[in-house]
Amino acid sequence: MINLFYKISTLKKYMTKTAKIIIGVVVIVLIAWLGYFYKKQATQMGNTEPIKIGSIFALTGLGASQGEQELKGVQLAVKEINEAGGISGRQIELISEDVSLDKLNVAGSVAHKLVDIDKVMAIVGTTWDEPAQAILPIIEAAKVPMVGQNQTRALKKDNPFNYFFSTWYDNEVGVRELLSYAQKMRLKKVVIVRPIGAGFYQYVSDKISSNAKEFGVEIIEDINLNNPTVNDFRTDLAKIKIKKPDAVIIVLNGFTGCPFLKQAGEIIGNVPVLSTEGSGDYYALSQCSKSMENLYFSYPKETSEYASFVERYDKAFGASPSTPSVMTAYDALKIIAKSLESTNGEGGEKLQKVLAQTKSYKGVSLNDISFDELGFVATPLDAFEMRTVKDGKFVKIR
Amino acid sequence: MEYLIHLTILFAIYGILGLSLNLVVGYTGLLSVTHAAFYGIGAYATAILLTSFGVNFFVSVLAAIIVSAVIALLIGLILSKFDDDYYALASFGFNIIIFSVFLNWQELTRGPLGIPGIGKPSFGISNFQFLISNNLEFLILALLFLGLIYFTSRFIVNSSFGRILKAIREDEKAIQIFGYNTLYYKLAIFVISAAMASVAGSLFASYITFIDPSSFWLMESIFILAIVILGGLSNLKGSLLGALFLILLPEALRFVGMPNDIAAQMRQVIYGVILILLMLYRPQGLAGEYKI
């Protein structure tokens with residue numbers, strides 16, 4: 001062996017310049033021919049490269065408790081599709097990225113990386129409206145469709161984006177269910193409490209204000225806490241107590257809802273607390289189920305697919321899906337996969353067109369998912385129901 | 001390619017921020033933690049002028065410089081009453097005040113909703129208009145601004161004015177004995193630095209096309225300070241190196257293969273560890289002459 005290396009190393013000495021050129025040309029031709037042969041064979045055998053799909057959720061920082069769950073919803077969908085043979089025989093490769101409300105300055109870099117380097121066919125995300133706002137101009141220019149799992153209709157208000165779709169419910173339907181409950185219970189004077197005046201919180205608060213009159217509800221105060229991580233509500237609760245409302249409507253998620261409910265119990269006593277779907281959180285239930293017995297919230301109704309989904313999710317992750325956006329994230333990925341099946345794995349404009357025509361898709365979040373002309377899910381008026389907590393469990397209010 | 005262009009644009013923007021802050025922190029020795037406020041003023045001035053009044057981008061940059069300079073003059077007058085740690089704390093306070101203005105003056109800034117749909121720069125005369133419509137063209141513009149700021153900063157630090165700034169950093173009392181009014185010099189460099197930061201803000205607003213107050217929070221001031229310290233105090237090339245390093249490092253970590261479940265958290269841990277190691281083994285920064 002040593003002798004062979006010696007021979008090769010000394011061979012150079014005896015090679016003329018012409019011989020070197022000939023060998024160089026032969027090597028280049030050989031590489032080019034191999035490349036051509038490989039490409040031809042790949043075309044003949046069909047493309048078996050995995051289809052890359054990106055996900056952008058809050059995995060660290062603000063909203064991570066929700067974003068991690070949403071990622072699991074998407075992971076479950078990818079696992080099921082890949083186990084069933086993939087999209088036209090191609091497996092899905094999920095590329096996950098982290099953008100949260102407190103790291104908006106990286107949103108552009110993340111979107112460019114997914115689109116330009118990873119060359120994803122589509123994206124699922126983001127956690128809440130604000131990161132999506134920064135990403136939409138990029139995906140629109142790159143013609144890469146994105147399906148959001150918890151974006152409000154306020155997102156497209158300022159700019160129409162053709163490549164963005166959302167599987168999230170119309171929040172107005174949930175708000176109207178809540179106000180209808182307030183009307184039935186004769187809760188006429190209410191105070192709204194929300195952590196910030198933007199995105200989801202602003203949108204829901206606006207919808208409560210614009211629909212309240214129709215249900216005979218008067219908003220006597222709208223408190224914007226101006227802090228998304230707040231967990232000390234005592235000062236505001238003391239102010240609320242002076243106003244003597246019939247109920248308090250909180251636009252908080254389960255994570256911040258628990259401290260609020262505990263402190264509300266101490267300061268405003270039995271004044272009912274009303275809320276939207278964000279409060280129906282299993283993590284919150286495990287932390288403050290007793291305080292949640294005074295909470296009444298609108299929540300999406302369970303679909304025919306829901307029970308089976310929960311079983312599969314539990315098997316995969318050993319827990320229940322804690323927020324409705326786990327289901328909408330799962331549906332978002334499944335709808336993208338179904339559309340890619342129709343385009344035979346082709347993205348861009350073709351995928352956008354197929355996604356825009358999504359009609360009557362039987363999802364886990366809704367029995368009939370159809371995108372309207374703006375790319376949002378047309379939500380039936382009876383999609384929500386009222387729930388509360390009894391003996392440590394979420395129960396439907398009849 | 002678009003990704004690389006995007007990162008280079010970010011490098012140009014943060015390079016401008018690093019260079020401008022280095023004039024105050026590195027060369028003059030004033031530990032200012034309010035730079036994100038001037039960055040934000042520039043961004044908001046451009047965003048408001050472009051979206052509400054249809055003003056040309058370059059005119060908006062000029063307006064942003066003037067607004068930032070006037071506000072910096074007022075803030076600088078108050079900050080001149082403080083020294084050392086108290087200076088840092090007071091500058092910290094100003095960042096909070098200006099952030100609150102961005103957040104709560106909803107009629108002007110739209111508060112937390114932010115300002116979307118900010119236009120791209122254009123220039124020309126009458127019918128001959130050139131719109132910077134793609135990222136490569138924007139990159140050239142951003143690099144031109146970075147070059148302008150770099151050479152202006154180099155001119156400043158190499159001038160007699162710059163030598164007095166260094167003397168203030170080394171021993172303010174001694175330079176006062178020679179009859180120099182140090183307040184004038186400190187105020188002047190603070191205003192110049194703020195004006196430069198506002199240029200970065202204008203570029204950021206026009207490039208991202210959407211701004212909201214979260215981009216100009218205290219953490220952004222600390223990030224810019226990290227660029228200056230990591231790159232090297234009192235070294236202009238160091239600021240550029242610091243910006244390059246802090247922009248590219250988190251991006252490079254995105255390509256380190258890790259399971260999706262822990263990748264985001266692990267990247268943050270690795271990023272932190274690398275910064276700690278760098279400060280342990282290179283306390284003067286990547287190209288610094290002087291350490292705090």
Return yes if some donor-acceptor pair links the side-chain N/O of Glu93(A) with the main-chain N/O of Ile53(A) below 3.5 Å, else return no. no

Should Ser239(B) and Asn22(B) count as side-chain neighbours, where that means a heavy-atom distance under 4.5 Å? yes

Is Lys72(A) close to chain B through its backbone or its side chain, or both, or neither, when contacts mean heavy atoms under 4.5 Å? neither

Engaged part of Glu251(B) at the chain A interface, taking heavy atoms whose separation is under 4.5 Å: side chain

Toward chain A, the part of Phe216(B) with a non-hydrogen atom under 4.5 Å: neither

Indicate whether any N or O donor in one side chain lies under 3.5 Å from an N or O acceptor in the other, for Lys207(A) and Ser210(A). no

Sort Leu94(A) into side chain, backbone, both or neither according to what part of it lies under 4.5 angstrom from a heavy atom of chain B. both

Using non-hydrogen atoms only, which part of Asn135(B) is less than 4.5 Å away from chain A: side chain, backbone, both, or neither? side chain

When the 4.5 angstrom heavy-atom criterion is applied to Leu71(A) and chain B, the contacting part is side chain

Can a salt bridge be assigned to the pair Arg194(A) and Asp222(A) using a cut-off of 4.0 Å between side-chain N and carboxylate O? yes

Side chain, backbone, both or neither: which part of Phe255(B) has an atom under 4.5 Å from a heavy atom of chain A? side chain

Establish, from distance only, whether the side-chain atoms of Tyr330(A) and Gln75(A) form a donor-acceptor pair under 3.5 Å. no

Quick one: do Arg153(A) and Glu172(A) make a salt bridge, cutoff under 4.0 Å? no

Would Lys120(B) pass as a cation-pi partner of Phe57(B), given that its NZ or CZ must be under 6.0 Å from the six-membered ring centre and within 45 degrees of the axis? no

Assert top hit (heavy-atom pairs under 4.5 Å, partner chain B, pool Leu59(A), Asp118(A), Ile117(A), Asp129(A)) equals Ile117(A)

So what's closer than 4.5 Å to chain A heavy atoms on Tyr3(B): side chain, backbone, both or neither? both

Judged by modelled atom types alone, do Gln69(A) and Tyr282(A) share a side-chain donor-acceptor pair under 3.5 Å? no

Do you know which of Leu114(A), Leu104(A), Leu101(A) has the most heavy-atom pairs under 4.5 Å to chain B? Leu104(A)

Checking heavy atoms, do the side chain of Ser214(B), its backbone, both or neither come under 4.5 Å from chain A? side chain

For Ile211(B), is it the side chain, the backbone, both, or neither that has a heavy atom closer than 4.5 Å to a heavy atom of chain A? neither

If you count heavy-atom pairs within less than 4.5 Å of chain A, which of Gln268(B), Arg254(B), Arg267(B) leads? Arg254(B)

Do Val230(A) and Phe233(A) come close enough that some side-chain heavy atom pair is under 4.5 Å? yes

